[in-house]
Amino acid sequence: MLLKAYFDGVCEPVNAGGHCGYGAVIFDGDKRLWEFSGYIAPSPQTSNNVGEYTGLLSILEYLKAQGLQGHAITIYGDSKLVICQMWADPNTGRPWQMKGGYYLPTAMKTQKLLREFPNAVGRWIPREENSLADELSKRELLKRGV
């Protein structure tokens with residue numbers, strides 16, 4: 001298996017406090033293995049970072065449910081915050097600290113689950129290279145007229 005995954009999150013029409021969407025997709029080579037779009041209703045605790053982290057978390061939960069924790073996987077996202085907190089800043093080789101924010105509970109849950117994936121690597125990509133996950137993150141918002 002050659003697993004690649006992409007995630008994204010959004011909060012509209014305001015960040016923070018808006019409608020939160022998240023999307024994720026996993027490929028085995030060129031074959032689309034799984035995709036998902038999710039929604040979190042507006043609250044004072046919604047933000048784009050909550051969406052980003054929930055997108056990554058959905059990938060890890062799916063892989064765990066399939067028993068794929070030991071497989072090599074490269075996970076791509078356009079959130080430097082998520083990639084650098086969960087793996088490391090490519091410039092320093094050290095993870096960024098999680099200092100707080102609405103995303104913190106989801107980030108901590110994601111970090112805990114990520115420990116079960118010793119062969120997972122995170123890579124930051126520019127937004128234009130993350131168009132499929134971006135589309136999936138907005139799908140549920142569009143269904144709701146946001």
Side-chain angles (χ1 to χ4, degrees), residues 1-88 95-146:
M1 293 187 110
L2 178 59
L3 296 176
K4 296 182 297 181
Y6 298 81
F7 69 91
D8 204 2
V10 64
C11 191
E12 297 289 343
V14 295
N15 181 42
H19 298 262
C20 194
Y22 57 96
V25 61
I26 301 172
F27 290 92
D28 179 4
D30 292 331
K31 179 184 172 199
R32 193 177 305 192
L33 192 61
W34 173 84
E35 70 177 35
F36 188 77
S37 295
Y39 174 79
I40 303 168
S43 80
Q45 286 78 40
T46 56
S47 72
N48 64 319
N49 291 327
V50 169
E52 297 277 2
Y53 264 110
T54 307
L56 173 56
L57 182 61
S58 69
I59 290 169
L60 299 176
E61 289 174 338
Y62 173 82
L63 292 170
K64 182 175 180 174
Q66 301 304 309
L68 298 172
Q69 297 96 311
H71 286 276
I73 181 166
T74 304
I75 301 174
Y76 300 92
D78 59 25
S79 170
K80 282 189 180 180
L81 178 81
V82 172
I83 296 298
C84 291
Q85 285 182 334
M86 292 296 103
W87 285 279
W96 289 359
Q97 292 182 359
M98 291 188 278
K99 297 180 181 176
Y102 301 130
Y103 69 89
L104 193 57
T106 309
M108 294 180 76
K109 183 176 179 180
T110 303
Q111 186 179 54
K112 182 179 178 184
L113 185 54
L114 186 58
R115 290 186 191 118
E116 298 181 33
F117 293 84
N119 301 313
V121 177
R123 298 277 184 257
W124 177 83
I125 55 173
R127 177 171 295 173
E128 55 271 11
E129 293 178 27
N130 202 27
S131 58
L132 181 54
D134 179 68
E135 178 186 315
L136 291 167
S137 73
K138 295 174 181 168
R139 182 179 289 171
E140 291 300 316
L141 300 186
L142 292 171
K143 284 182 184 177
R144 290 167 169 79
V146 178

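Below, each value reflects all heavy atoms present in this structure, side chains not excepted, and no hydrogens, waters or symmetry copies.
Annotation: the span from His19 atom NE2 to Arg144 atom CZ amounts to 9.0 Å, rounded to 0.5 Å. To the nearest 0.5 Å, atom CE of residue Met108 and atom OG1 of residue Thr106 are 11.0 Å apart. In this structure, CZ on Phe117 lies 13.5 Å from CE on Met86, to the nearest 0.5 angstrom. Within the model, atoms CG of Leu2 and NE2 of His71 stand 12.0 Å from one another, a figure rounded to the nearest 0.5 Å. The distance from the CG atom of Leu81 to the OH atom of Tyr53 is 5.0 Å, given to the nearest 0.5 Å. Annotation: the span from Asn119 atom CG to Gln69 atom CD amounts to 11.0 Å, rounded to 0.5 Å.
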_Trace of the side-chain contact (heavy atoms from CB on, under 4.5 Å) decision for Val82 with Tyr103_ = CA-CA 10 Å; Val82 172; Tyr103 69 89; over 6 Å; no
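The minimum heavy-atom distance linking Gln45 with Val50 is given by the pair O-CG2, 3.4 Å. Residue Ser47 comes nearest to Cys11 through the heavy atom pair C-CB, 3.5 Å, listed as atom of the first residue, atom of the second, then distance. Between Trp87 and Pro95, the closest heavy-atom pair is O-CG, 3.3 Å. In terms of heavy-atom proximity, Asn49 sits nearest to Ser79 at OD1-OG, 4.5 Å.
Other residues, nucleotides and ligands place more than 12 heavy atoms under 6.0 Å from the CD atom of Glu128. When the shell of 6.0 Å around CZ of Arg127 is examined, it contains 12 or fewer heavy atoms from other residues, nucleotides or ligands. Few gaps surround CE on Met1; more than 12 heavy atoms of other groups in view lie less than 6.0 Å from it.
Counting heavy atoms from C-beta on, the side chains of Met98 and Leu104 come closer than 4.5 Å. Residues Glu135 and Asp8 form no side-chain contact, since every pair of their non-hydrogen atoms from C-beta on lies 4.5 Å or further apart. Contact annotation: the side chain of Arg123 never approaches that of Lys4 to less than 4.5 Å [non-hydrogen atoms, C-beta and beyond]. Residues Leu60 and Ile75 form a side-chain contact, since some pair of their non-hydrogen atoms from C-beta on lies under 4.5 Å apart. Taking 4.5 Å as the limit, some side-chain heavy atom of Ile59 sits within range of a side-chain heavy atom of Trp34. Lys80 has its side chain within reach of Trp96: a pair of non-hydrogen atoms, C-beta onward, lies under 4.5 Å apart. Annotation: side chain of Leu3 is in contact with side chain of Leu63 (closest heavy-atom distance under 4.5 Å). In this structure, the side chains of Arg32 and Val25 come closer than 4.5 Å at one or more pairs of heavy atoms.
Taking the charged nitrogens against the carboxylate oxygens, Lys143 and Glu140 do have a contact shorter than 4.0 Å, which makes a salt bridge.
Remark: the backbone N or O of Leu136 is paired with a side-chain donor or acceptor of Ser37 at under 3.5 angstrom. Side-chain atoms of Glu35 do not come within 3.5 Å of backbone N or O of Ile26 as any donor-acceptor pair. With Asn130 contributing its side chain and Phe7 its backbone, the two residues share a donor-acceptor pair below 3.5 Å. Under a 3.5 Å cut-off, the side chain of Thr46 and the backbone N or O of Gly18 do form a donor-acceptor pair.
Taking the six-membered ring for Trp and thresholds of 30 and 60 degrees, Phe27 and Tyr6 have ring planes more than 60 degrees apart, a perpendicular arrangement.
Between the side chains of Tyr76 and Glu129, no donor-acceptor pair is found at a separation under 3.5 Å.
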